[in-house]
Amino acid sequence: MLRSHTCGELRAENVGQQVTLCGWVDTYRDHGEGLLFIDLRDRYGYTQVVASPESGEQAQQLARQVRSEFVLSVTGTVAPRPEGTVNPKLATGEIEVRISELQILNECDNPPFQPGAVELPGEDLRLKYRFIDLRREEMQQALLLRSAIVKGMRDHFEEHQFIDVETPVLGRSTPEGARDYLVPSRVHPGKFFALPQSPQLYKQILMIAGYDRYVQVARCFRDEDLRADRQPEFTQLDMEMAFVEMDDVMGMIDLLVARLAKDLLGLDVRLPLPRMTYDEAMERFGHDAPDLRFGMELIDLTDLAAKTEFRVFRGVADGGGRVRGINAKGARDNYSRKGIDELTTYVQQDFGAKGLAWFKVEDDGTLASPIAKNFEDELLAAIRDRMQAEPGDLLLFIADDWSVTCKALNGLRNRLGAELKLYDPKTMNFSWVIEFPMFEFDEETGGWTAMHHPFTAPRKQDLELLETDPARCRAQAYDLVINGSEAGGGTIRIHDPQTQQKVFDILGIDEATAAERFGFLMDALKFGAPPHGGIALGIDRFVMLFGGLASLRDCIAFPKTQRATDLMTRAPDEVESKQLKELSIKISR
RNA sequence: GGGGCCGUAGCUCAAUUGGUUAGAGUACCGGACUGUCGAUCCGGUGGUUGCGGGUUCGAGUCCCGUCGGCCUCGCCA
């Protein structure tokens, strides 16, 4: 070892010891011929090392050459800091190391930015020079948290007799779901592997093979556009259990969530985690992953709207749409006319709403708005009543088809929740959303698509609905929601070929197509498939939510930009024509 | 594919209504300094205002295009 201690380790009780530290120069303060201070940094902390005339001519000479981010080895004696110079900001602030020998292990070009800088540089620079960015304390904390979360997950599942099994990265492309990342096969010209969107089918096969508790930290790939919380390459804690029902899987995750919350955040989480049906979530919050850290629930006014002469409301109500709103308590004076205009533009541009109707509740209780004159007094009173409006409130309404009212009001609710600081950003809220619909109607094709995936089991009491009314058929599916983010999702799977075929029928996948694409699964289901189900948790999102981070990029050591490139390695890039030739690939553009 | 924000010194930012020599802090280079810890003080280097075109007597500023970063809708079972 080139060092005896780390830079975060030394305390008053080490005074007098001779030590050797290695690390990077965080800052240095040169007092000329006399004193020179260096804050030496490694991932454990900072230690002030001091060069003085007692350090000897050679060490002093070298110390004077030191610059930001040089890599040093410092040998010296641990000394108490003189009276009045203790630095309470440092864990090691009571001591310093008096240099007797100093080695410059490596120099550093003038860095594009400094890890300790007060102002964070642009994200493009951080990504290009990720090796410097990762030296920053915040990044180290995030990666440490990530490591702790993964360890907690692994420990939990190991304690419950789960077996870690690796599944292939090179697999078969399936046209359902997200766009696949494809890998050309050299051996089979014109044929392609696909990188897994998740190990879904493999883990079902493992259940059928009798490995009744499987777990894996699995890398997944989806070639879709990025968001702050979506990377093309991400990591799931993937698990599957045999001989279980929904409650068993959710119970297993409940325990894990409580464990992680306790160990990493010191939070006591009450179990079981609260559950809400999909229908309730959509009705009360307009979203299947509602942020339950604050109220401001959606309130339906469609029945009242049907009675008004106001054409916008009346037309929507008569046309089968919905009029719903939210009451931003006490927010009347937070939004000027211009502020409301911005909200209007927001719901129009982002969610396709036709407009935003609003009322300000005046001090005398009257509802003030440009559209107020279109409403009869009794109706205004009814609205006020329904919205539980009080002086100072701001009422916002969307009149549109059901889907738009959901999206727009969910958007408004989340935006106002943040802008009005309706919750403490440190609070954590865990819950389940259950009973998702089995199918969604696809306007484009005029057929049904699987809401989760085609292997999801319907609720037992809904089996008949498969044939009579697929729209009302609910799935044995469950999403884990943390602070309004989908942090994981799972289902009980279909384990008999008959039900599986019925679902394929509804999805318009005929027997031949099913055999072609998932023949191996259809076969496996015929060879003794146990009832089984599981879940996948988004590890990156867990880190983001537990760490209170704004972007998934801050939870991943080497993330992609919004345009799915790596600024450090400059991937993706063109390849040599020889490589393409071997793969029988021609680029057409 | 659509909407929005941004791009000026190595970095973070400023620059009046379009106006003459594009500034500051920091980093870097040189010097001073024996208790600093965002050290301080003195001096200095550093600019294709992302790139290309246009309007104008004159463009960092206005217009068009393009590249890049971010947010977002669509998309992501």
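Every chain is numbered from 1, with letters handed out A, B, ... down the list of sequences.
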Across the strands shown, which category fits [X] at heavy-atom distances under 4.0 angstrom: base, sugar-phosphate, nothing?
| X | value |
| --- | --- |
| A:R98 | base |
| A:E83 | nothing |
| A:T27 | sugar-phosphate |
| A:L90 | nothing |

Between [X] and [N], is there a side-chain N or O to OP1/OP2 distance below 4.0 Å?
| X | N | value |
| --- | --- | --- |
| A:T561 | B:G69 | yes |
| A:K128 | B:G68 | no |
| A:S551 | B:C70 | no |
| A:R227 | B:C73 | yes |
| A:R29 | B:U36 | no |
| A:R553 | B:C71 | yes |

By nearest-heavy-atom nucleotide on RNA chain B, the more 5' of A:R563 and A:E33 is A:E33

Quick one: on RNA chain B, does A:G32 or A:L120 contact a more 5' nucleotide (nearest heavy atom)?
A:L120

Do side-chain atoms of A:K203 reach the backbone of A:M239 as a donor and acceptor pair under 3.5 angstrom?
yes

Given 3.5 Å as the limit, does a donor-acceptor pair link the side chain of A:Q500 with the main chain of A:P454, or not?
yes

Measure the distance from [atom1] on [X] to [atom2] on [N] and round it to the nearest whole Å.
| X | N | atom1 | atom2 | value |
| --- | --- | --- | --- | --- |
| A:Q562 | B:G3 | CD | C1' | 12 Å |
| A:R179 | B:C76 | CZ | P | 8 Å |
| A:Q348 | B:G2 | CD | P | 20 Å |
| A:F113 | B:C11 | CZ | P | 11 Å |
| A:L552 | B:C71 | CG | C1' | 15 Å |
| A:F351 | B:G3 | CZ | P | 17 Å |
| A:D566 | B:G69 | CG | P | 11 Å |
| A:D229 | B:C76 | CG | C1' | 10 Å |

For every nucleotide of nucleotides 22-31 of chain B, 5' to 3': is a protein heavy atom under 4.0 Å from its base (B), only from its sugar-phosphate (S), or from neither (-)?
-----SSSS-

Tell me the partner of [N], counting only Watson-Crick (N1-N3 plus N6-O4 or O6-N4) or G-U wobble (N1-O2 and O6-N3) with both under 3.5 Å; none if nothing fits.
| N | value |
| --- | --- |
| B:G30 | B:C42 |
| B:A24 | B:U12 |
| B:C5 | B:G69 |

To the side chain of [X], which of [options] is closest?
| X | options | answer |
| --- | --- | --- |
| A:P121 | B:G74, B:U34, B:U12 | B:U12 |
| A:D39 | B:C71, B:C37, B:G69 | B:C37 |
| A:P53 | B:C76, B:U34, B:U72 | B:U34 |
| A:Q48 | B:G69, B:C37, B:C71 | B:C37 |
| A:F37 | B:G35, B:A39, B:G69 | B:G35 |

Apply side-chain hydrogen bond (donor to acceptor under 3.5 Å, both in side chains) to A:R493 and A:T491, showing your working.
CA-CA 6 Å; A:R493 328 296 175 190; A:T491 61; 2.5 Å; yes

With the threshold set at 4.0 Å, does a side-chain nitrogen-carboxylate oxygen contact exist between [X] and [Y]?
| X | Y | result |
| --- | --- | --- |
| A:R130 | A:D133 | yes |
| A:R67 | A:E107 | no |
| A:D462 | A:R472 | no |
| A:E224 | A:R222 | no |

C1' atoms of B:G10 and B:C73, separation to the nearest Å
37 Å

When rounded to the nearest Å, what value does the distance between C1' atoms of B:U8 and B:A14 take?
9 Å

Stacking of A:H31 on B:G35 base (centres under 5.5 Å, planes under 30°):
no

So with a 6.0 Å cut-off around CG of A:D109, is the heavy-atom count from everything else above 12?
no

Step through the shown structure and confirm whether more than 12 heavy atoms of other residues, nucleotides or ligands are within 6.0 Å of CD on A:E233.
yes

Does any N or O donor sit under 3.5 Å from an N or O acceptor when you compare the side chain of A:R81 with the base of B:U36?
yes

Any donor-acceptor N/O pair under 3.5 Å between B:C37 base and A:N87 side chain
yes

Pairs flagged by side chain to side chain donor-acceptor pair (under 3.5 Å) wherever residues 44-58 of chain A is involved - sequence neighbours left out:
A:R29-A:Q48, A:Y46-A:E137, A:Q48-A:E96

